[in-house]
Amino acid sequence: MKIKLGNIRKSFVHVFGGNVLTENFFVRNLTFIVVLVIVMILFINHRYTVLQRIAEMERLKVELKDAKYESLDISSDLTEASRQGQIEKRVEESGLGLKVTNEPVYRIRKGKK
């Protein structure tokens, strides 16, 4: 089967010239073709929206991970600063003159013995 150059040119002009759209097949199925194009546009739009949401979720995951590490770092610093040895050191540095007592704490209760 031999393809002639003249037939290819005629087909090319027929399709891209717009004559193919006036044929009976396209006229009868015009509503189906329009609906198909609308569905394709909606599908592409939906896919684009989903990809944007996935990218946003990934960005928020990274942000959450950073916030967790920052929280852990702050908690560690607070734990270290609240140890008794650190508190005693800060009291000495500030010159308040407070001392740690070696005597036990006495509790005074009101009422009968």
Side-chain angles (χ1 to χ4, degrees):
M1 188 165 145
K2 203 172 191 184
I3 300 176
K4 294 184 180 179
L5 187 60
N7 289 340
I8 293 175
R9 284 185 184 163
K10 286 179 186 176
S11 297
F12 183 78
V13 170
H14 182 69
V15 171
F16 288 104
N19 295 335
V20 74
L21 296 175
T22 60
E23 290 182 1
N24 194 23
F25 172 76
F26 285 104
V27 172
R28 282 186 293 145
N29 296 317
L30 186 62
T31 56
F32 175 73
I33 292 170
V34 169
V35 169
L36 187 65
V37 168
I38 290 173
V39 167
M40 287 173 48
I41 290 171
L42 289 175
F43 179 77
I44 292 169
N45 185 30
H46 178 68
R47 178 179 164 90
Y48 180 71
T49 304
V50 167
L51 289 176
Q52 281 184 325
R53 287 184 182 173
I54 289 173
E56 179 72 12
M57 286 172 50
E58 291 298 320
R59 186 187 65 78
L60 289 174
K61 282 181 185 178
V62 169
E63 190 176 324
L64 177 64
K65 190 175 181 182
D66 290 344
K68 282 183 180 180
Y69 284 138
E70 186 177 348
S71 170
L72 183 63
D73 187 41
I74 291 170
S75 174
S76 173
D77 291 342
L78 182 61
T79 302
E80 181 182 347
S82 65
R83 289 188 181 145
Q84 185 175 355
Q86 289 292 328
I87 293 172
E88 290 173 4
K89 181 180 171 187
R90 287 188 181 189
V91 167
E92 280 182 26
E93 289 174 355
S94 64
L96 294 176
L98 299 175
K99 303 263 184 203
V100 177
T101 181
N102 292 335
E103 297 177 12
V105 178
Y106 293 105
R107 296 194 180 186
I108 301 174
R109 292 187 184 174
K110 195 174 190 182
K112 295 183 181 180
K113 288 187 181 181

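Values in this document were obtained by computation on a predicted structure and should not be read as measured data.
Of the candidates Lys65, Arg59, Lys61, Arg59 is the only one forming a side chain to side chain donor-acceptor pair (under 3.5 Å) with Glu63.
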Name each donor-acceptor pair under 3.5 Å that joins a side chain in residues 78-92 to protein atoms two or more places apart or in another chain, with its distance.
unit_1 : atom_1 : unit_2 : atom_2 : d
Thr79  : OG1    : Ser75  : O      : 2.8
Ser82  : OG     : Leu78  : O      : 3.1
Ser82  : OG     : Thr79  : O      : 3.1
Gln84  : NE2    : Glu88  : OE2    : 3.1

Please output the side-chain donor-acceptor pairs of residues 45-55 that fall under 3.5 Å, not counting sequence neighbours, one pair per line with the distance.
unit_1 : atom_1 : unit_2 : atom_2 : d
Tyr48  : OH     : Gln52  : NE2    : 3.1
Thr49  : OG1    : Asn45  : O      : 2.9

Could you list the donor-acceptor pairs under 3.5 angstrom formed by side chains in residues 26-41, with sequence neighbours left out?
unit_1 : atom_1 : unit_2 : atom_2 : d
Arg28  : NE     : Asn24  : O      : 3.4
Asn29  : ND2    : Phe25  : O      : 3.2

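Around CD of Glu70, the count of heavy atoms belonging to other residues, nucleotides or ligands within 6.0 Å does not exceed 12.
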